[in-house]
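Structure record follows, encoded as structure tokens.
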Amino acid sequence: MHDVMEPDSSRRRALVQRFAVAARTAGYGEVVPPLLEDLGVFLRVGETTDVVTKEMYDFVDKDGSRIALRPEITAGVVRAFVQHRPALPWKVWYAGTNFRHERAQKGRYRMFDQVGVEVLGVDDPDLDVEVIALAARFFESLGLCQVELSVNSLGDHGDRSRYSDAVRVYLESRRGELSEAAQTTLERNPLRVLDAKRPSDRAVVADAPRISTFLSDASAAHYERVLSGLDAVGVDHVGAPLLVRGLDYYRRTTFEFAATALDAAQNAVGGGGRYDGLAEDLGGPPTDGIGFALGVDRILLACDAEEVFDAAEMSIDAFVVDVVDGIAARDITHELRAAGVAVDRRFGGGSMKSQMKSAGRSGARWALIVGEDEAADREVTLRSLLDRDDQRRVPRSSLVAAMRDLLDVAAPPARSTPADPLAPPAAGSSTPDTPRTPT
Ligand code: AMP
């Protein structure tokens, strides 16, 4: 687990913000499920997976109930659906933190963030295309070029279990060649062996039966429509007949995104698929579902590797330098912030020189200087920190208007207008989410 500080925290927030805008643009509303769920929610969806059996942080609560810090978000979202029964189709996005007791290494952490979407109540393969394209376009919007999409179909419940039996028979026939770990996995869940990473296991897996011959006509037609849809909307993809995903609940379409600029062992930046039986498993009515989760931490590593989506410098518009008594600094910061100008100051006074140093370090475009002269004349000196020759003095009473003019900041909305945290910032305005670099 790690602490995230500037500039990484701003970059992370900007990434989530970008995802939120992409999801909202496609008609997805936000859902915020709790970080803790009843342990049963996860047990019911992944009894044979490492994520649930080995890596979960679960404990007995004060009232004796067994709960878990979520290792993923889909189960909680579907539990929320079952509990509240919103109108269908239910299209939601989320961003949040998960916990898995993993062997930590670069790109694999015990606490990590995901963004994702889920849609409940739609069987149409064109939705699969919409969902996959949303993720693919999001990666593109960050500037990532080296992200590969693999797709597969695991078939419906019947196809999947017939396929699983066939894989079991095949792997049993070559059991002696499998590692001990793969042999244990084979006992519990043969399909998970297809995901094995050891080269010796991979050699066995390479000759395993393919799902395509086990797909029912309906599953095959669904998958065909997904593939042709991805072609039609221009989302590059490769067929990956051995792609199974970590959790048990996937049916039919499954997909994964790999950032090829990262080390192969930790290069999955996201994945998802259909989970048509999940709502039922959690006590709800049979409901189609599909979604994906993308790993924020790894996406940022991929951005580092491709040198895109840089961390924006935290910057402000102005820094107040008050060498008199701090009263002007106190009042000016409040007035300017209320007017939408990003402004900071130093506390505890200090000489002109040292305060100007702080102003320089703050990244502000303007120093707003109040010395003895300015105080006596009820004026403020505006000194550009980017252009030494640009300096002017304005009456204290017209400072807000002068700054708005200089920065091209729109007047703030009337107080009764509800703030939309996802609306793009007004031209020229600075917010902590979208720090503006001085120009
Ligand atoms: P999953 O929920 O296992 O399908 O994971 C979806 C995405 O979350 C993966 O593709 C990774 O990008 C990310 N992820 C999963 N586990 C971790 C972890 N322990 N640390 C960092 N990212 C993770």
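Quick note: numbers below take in every heavy atom, side chains included, and nothing from hydrogens, waters or symmetry partners. One-based numbering, in listed order, for ligands and for the atoms of each. As the structure is a computational prediction, the values presented were derived from the model and not from experiment.
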Between [X] and [Y], does any side-chain N to carboxylate O distance fall below 4.0 Å?
X: D156; Y: R252; result: no
X: E187; Y: R175; result: yes
X: R110; Y: E102; result: no
X: D297; Y: R12; result: yes
X: D128; Y: R274; result: yes
X: D58; Y: R66; result: yes

Do any nitrogen or oxygen atoms of [X] come within less than 3.5 Å of a nitrogen or oxygen of ligand 1?
X: Q114; result: yes
X: A293; result: no
X: G271; result: no

With atoms numbered from 1 as shown, which atoms in ligand 1 lie under 4.0 angstrom from a non-hydrogen atom of [X]?
X: G107; result: 20 (N), 21 (C), 22 (N)
X: A268; result: 9 (C), 10 (O), 11 (C), 12 (O)
X: G295; result: 7 (C), 8 (O), 12 (O), 13 (C)
X: G270; result: 10 (O), 12 (O)

Original post:
Relative to atom 20 (N) of ligand 1, which among F99, F292, Y109 owns the nearest non-hydrogen atom?
Top reply: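 The nearest heavy atom belongs to Y109.
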Original post:
Heavy-atom distance to atom 2 (O) of ligand 1: which of R103, K106, R100 wins?
Top reply: R100
Original post:
Restricting to pairs with a member in residues 180-236, which pass ring-ring contact (aromatic ring centres under 6.0 Å, His included), not counting sequence neighbours?
Top reply: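 Residue pairs with at least one partner in residues 180-236: Y163-F214.
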Subject >> Pairs flagged by ring-ring contact (aromatic ring centres under 6.0 Å, His included) wherever residues 164-198 is involved - sequence neighbours left out >> reply: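 ring-ring contact (aromatic ring centres under 6.0 Å, His included) check on residues 164-198 returns no pairs.
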Original post:
Does ligand 1 have an atom that lies less than 4.0 angstrom from a heavy atom of D297?
Top reply: no
Subject >> G116 near ligand 1 by a heavy-atom separation under 4.0 Å >> reply: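 No, that is not the case, since the closest heavy atom of the residue is not under 4.0 Å from the ligand.
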Original post:
Does E256 approach ligand 1 within less than 4.0 angstrom via side chain, backbone, both or neither, non-hydrogen atoms only?
Top reply: neither
